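Along the sequence shown, the residues carry numbers beginning at 1. No experiment lies behind these values; they were computed from the predicted model shown. Both ligands and their constituent atoms are indexed starting at 1 by order of listing.
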Amino acid sequence: MKKRYASTWESLKEHQVPQWYEDGKFGIFIHWGLYSVPAFAPQTWELGEVPPDETWFSNNPYAEWYYNSIHVGYGPSYDYHVKKYGKDFKYEQFADMWKAEKWNPAEWARLFKKAGAEYVVLTTKHHDGFCLFPSKYTDYNASKRGPQRDIVGDLTDAVRGENLRMGLYYSGIVDWTFADDPILNNDDLFHTASPTFAYADYAYNQSMELIDRYAPSVFWNDIGWPRQGEHNLPYLLSHYYNTVEDGVVNDRFNDLYYDFTTKEYQSGSANRREKWEMCRGMGLSFGYNAMESDDKIISIEDAISLLVSTVANNGNLLLNIGPRADGTIPEEQEKRLLAIGEWLGVNGEAIYGSRCSSRESIKYTDQIQVHFTERDGALYVLIDAKGKSQVSVTVPGLSGNAVPLDPKVEADTAKIDGGLRFTVKNFGDSQNVAVFRLNRIM
Ligand SMILES: C[C@@H]1N[C@H](CNC(=O)c2cc3ccccc3o2)[C@@H](O)[C@H](O)[C@@H]1O
């Protein structure tokens, strides 16, 4: 019997995080849009490394913030824009330059499947207000301009064709086609952005449009929700759950309600007793930054470490790709996705469908950490030895027969000092994380 949600906070709070989201663990975030045409941002900091003040916003590493970065009227993006396009070139002109001429959504979906992702989240409207779907509420959209197609619909079909879940990102409170005073600090971001009732209705109507057209498995709102529209949220979210029973929403609705909390780069905190999700770009940006070179994007080792440490602490990893304007995925990003997929192909048993263990992760050194997951009565020990070819660690309070999941891992285990000593001599195909299964939970 399908549960019906009433449009009340009490009814919404009965919603449980669905098993697919608990089990899925790994998603692909996609930031694609007009900002992918200029594809420029200075390579400065990770979010959370420096305070979100004028220095951050006028040297914003997020290439998808290009509109705001040129509107502050100074800084690296402004200088780049004037030099490359000229002072009078309007951001909106990118709408007729974005062709996506080499885009093959089925190819993207096959890559995400090979990467071992269980879900995908695509930007439908980012802060610049340009919509990647045929919205009834604006012609500033990809079916009328640029690509002249329903990007959201075409990718949704391809992703579902690979039996992956499709999620949709929506920029709820910031839309620079409604309010585009330059944003130079977080107050501007959360309070003065898009302050009208008209915009609140627009955001509500477009969100309803997205739910009714695509029935997304994730409704991923960003930054916040228009204050003037907070009273509409119980209607919107109950409609969402009544349309997509096993749908999930994040915690960026002014902290009024969530299925899972979020972190972004170094910003935000996670509580392992609740479901949470870590999101980040491959480099410092979500949108494609043509200036970004291979050395500036996350290493394969660090990506696998991030996935393992996130999952072991009750999180999902939503790792972003920033495709080029033509629809191709930069090789250095594809390489990371395929390497993660290979690692999951060998060690996924300890990840998919697992639950976080009562055993907390152990940090021996910055390079050497041991994480734990549990599944079907087995305990998994995930030894992360970044940059090492061999490692020996004793895990206290463990006993039993530890079997490496990767047959190419060469390792010994021995009972010692009330614990189990693992000596890994060869990490086989498992990059920097060797995974062992213990068939009884101690
Ligand atoms: C996925 C990225 N989100 C950026 C906005 N970030 C946030 O609103 C934010 C970041 C964050 C960190 C911890 C808890 C809540 C949080 O909200 C947004 O400005 C970027 O362009 C990109 O779309």
Taking only residues two or more places apart in sequence or in another chain, which ones pass ring pair (Phe, Tyr, Trp, His ring centres under 6.0 Å) with Phe89?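 Checked Phe89 against ring pair (Phe, Tyr, Trp, His ring centres under 6.0 Å); matches are His81, Tyr85, Phe94.
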Pairs satisfying salt bridge (Lys or Arg N to Asp or Glu O under 4.0 Å), at least one member in residues 261-283, at least two apart: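 Sorted result for residues 261-283: Glu46-Arg280, Arg252-Glu264, Arg272-Glu360.
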I need the contact residues for ligand 1: any residue with a non-hydrogen atom closer than 4.0 Å to the ligand, ordered by chain then number.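 If the criterion is a heavy atom under 4.0 Å, then ligand 1 touches Phe29, His31, Leu47, Tyr62, Glu64, Trp65, His126, His127, Tyr169, Asp222, Ile223, Arg252, Thr262, Glu264, Ser267, Gly268, Phe286.
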Check Leu237 against Phe253 and note the closest heavy-atom contact, atom names and distance.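 Distance-wise, the nearest heavy atoms are CD2-CZ, 4.2 Å.
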Result block: side-chain N/O donor-acceptor pairs under 3.5 angstrom for residues 107-114, not counting sequence neighbours:
| residue | atom | partner | partner atom | Å |
| --- | --- | --- | --- | --- |
| Trp108 | NE1 | Gly327 | O | 2.9 |
| Lys113 | NZ | Glu162 | O | 3.0 |

Assess whether a salt bridge exists between Lys84 and Asp79, defined as any Lys/Arg side-chain N lying under 4.0 Å from an Asp/Glu carboxylate O.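 Asp79 and Lys84: not salt-bridged.
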Assign the ring pair His31 / Phe286 to parallel, tilted or perpendicular, where the plane angle (0 to 90°) is split at 30° and 60°.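 Taking Phe286 first and then His31, their aromatic rings sit tilted (interplane angle of 30° to 60°).
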